[in-house]
Structures are given as structure tokens and as C-alpha cells.
Amino acid sequence: MRYLISGYYGEGNVGDEAILAGIMQEIAHRDPSAGFTVLSFDPADTGRRHGGGRVPLEVVSTSLRSPRGLRAVMKRSDLLISGGGSFLHEADFALHGQSFLFRSGKLRPIPYFLSVILMARSANVPVMWYAQGLGPLHTQAARRAVAAAGSVSQLVTWRDPDSARLAYDVGMRAPVQAIVPDPAYALVPARHEDALQLLHQAGLEPGSRYVAVCPRPWLGRTAYLENLGQALEDLVALSDLRVLFVPFHESQDPPVCDSL
């Protein structure tokens, strides 16, 4: 089978890339003949991270400016997989207001990702939502669009009960819905020797004790960072742990780590 995967890939976020790697790994285990096409914001980056393995990989741009190209990719696909991760939200509602479609001239995540799903269904391609997160949804337009796209999909799986509950509340009635683990948890760990080498290169010696923290910037908010910094100070004062900051996003997270 040929699997077309849509998600927040090629944006320099290690968490999203781990999700993609987990999806591909688990499908390849069950379908040795699988081939993948991935929609990416940076096709070169996605090809570099995930290509070169035994599973054939094609990477194409996420741009909707050429719908004919995307439709051609869909027509040669057997299944569209949307997810995982939590990109179906209006968490920036307080900053950008009521607009459902655009944010600072850019198409918002919900209309973009749902348009890919609806395009697939219009081409008679079945759709699976894989360990999807959902919410918050502030506008009625977003709630209706999520309900419509989910209800015409064949299989919708959620990564947490709150997302599944919200989907039901907005009126989604997919034929099959379930709560499943995040695919990143399925990833095969690196070899112990390779992990030790990476830790050594980062200045972390075996036997040292750390608390790992993965802070993210969040829509201009700062109060939670002040609280987190104070909590870490208290933890260090009460224990022999050192703080290890782990930036997941290559460009957005390091300044937050530096600030903390």
C-alpha cells in the first residue's frame, strides 16, 4: 500500500519528527510492502531525517497553492493518515481573535489540515486520523469543520480522552473512534553505546543525576515560565539533581531555555 501522511512535519520540531518516525515504523512492521509520501513544510529536511531507510519515501510540499499536484499525489495513494500531534486547535484565539481562516495573512492550522482531509475524501481516498489531539476550539466555524471532516473519515484515533470527548461534543460521528498511544512511544530506542556517546558529547557523564525540562514558548505568555523557573530553583535546592534543558524546536526553544 501507499500511505500519504499529513502532519506538522519539516518545522524543526523533534517531537513532531518523532511522531512521523513512529507512524512509519509501526506501519512498516505490519505492511512490509509499504511506501510513504509525506507532506512537509520543508521537504529537504524531512527527506534528510527520514529517508535512506529500507522503506521507500517520497516527500512533497504542503503548499495548497498547487492543488493539482496534491490531488495527483492523493490519486496514487491508498490511505491518507492525518497526525499525530495536536495541531487542530485555536490556542492563539486570544491573540488573533475570531478569524477562523487566517492569522497574519497565513492559513490557520485547522482549515489547512482539514482541507487536506476533505480533498482526500473528494478523491475517494480513505482517511485515518492517527493519535490526533484536538482543542481548544473557540469558534463555531472550527467546531463545525472538525465535525464535518471527522464524520466523513473512516477511522479517527485520539491520543487522549479529552480530545475524544471534545470531538463527540462538537458532533463528530466517525464510523470508528478510539484512544491510542502516541506513536512516538513506539520508537525503538537507540543503542546504549550510541546514547552514551551522545550524552558524553553534550557534557553529561554516566552516573550524573538530572531533571530534564523541555520548555516551549507559548503565544507571548511569560507567567508560566516564571513559575517554572521558581519550581526548578526549589527542586535544585532540595535535591542533588541538576537541570538539563532539552529544546525540541530548533529555533523557538533555545531562547526560552536560555531565559530559564
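A 4.5 Å side-chain heavy-atom check between S61 and S40 finds every atom pair outside the cut-off. By the 4.5 Å heavy-atom criterion applied to side chains, I81 and I27 are counted as neighbours.
Between E58 atom CD and T46 atom OG1 the span is 12.5 Å, to the nearest 0.5 Å. Atom CG of L134 and atom OG of S163 lie 5.5 Å apart (nearest 0.5 Å). Atoms OG1 and CZ, on T62 and F113 in that order, are 7.5 Å from each other to the nearest 0.5 Å. Here T157 contributes atom OG1 and L155 contributes atom CG; the two are 5.5 Å apart, rounded to the nearest 0.5 Å. Considering OG1 of T37 and CG of L57, their distance stands at 7.5 Å, rounded to 0.5 Å. Atoms CG and SG, on D253 and C214 in that order, are 8.5 Å from each other to the nearest 0.5 Å.
Using bins of under 30°, 30° to 60° and over 60° for the plane-to-plane angle, the ring pair W218/H89 lands in the tilted bin. Using cut-offs of 30° and 60° on the angle between ring planes, the pair F41 and Y112 is tilted.
Checking E17 against H50 by side-chain atom types alone, a donor-acceptor pair falls below 3.5 Å. Side-chain contact check for D42 and Y9: no donor-acceptor pair (N or O, by modelled atom type) lies under 3.5 Å. Between the side chains of S153 and R121, not a single donor N or O lies within less than 3.5 Å of an accepting N or O. Side-chain contact annotation: T139 with E90, donor-acceptor N/O pair under 3.5 Å present.
Contact between S122 and R71 at its shortest, heavy atoms only, is OG-NH2, 3.3 Å. The minimum heavy-atom distance linking P255 with S251 is given by the pair CD-O, 3.5 Å.
S208 places a side-chain N or O within 3.5 Å of a backbone atom of E205 that can act as its donor or acceptor partner. At distances below 3.5 Å, at least one donor-acceptor pair connects side-chain atoms of S115 with backbone N or O atoms of P111. Side chain of R173 to main chain of G150: no donor-acceptor pair is present (N/O by atom type, distance under 3.5 Å, no hydrogens or angles).
A salt bridge links D45 and R49; the closest N-O separation between the charged side-chain nitrogens and carboxylate oxygens is under 4.0 Å. Look at R221 and E226 and you find no salt bridge, because none of the NZ, NE, NH1 or NH2 atoms lies under 4.0 Å from a carboxylate O. Checked for salt-bridge contact, R159 and D182 meet the test: a charged N lies under 4.0 Å from a carboxylate O.
Atom OH of Y185 has 12 or fewer neighbouring heavy atoms from other residues, nucleotides or ligands inside a 6.0 Å radius.
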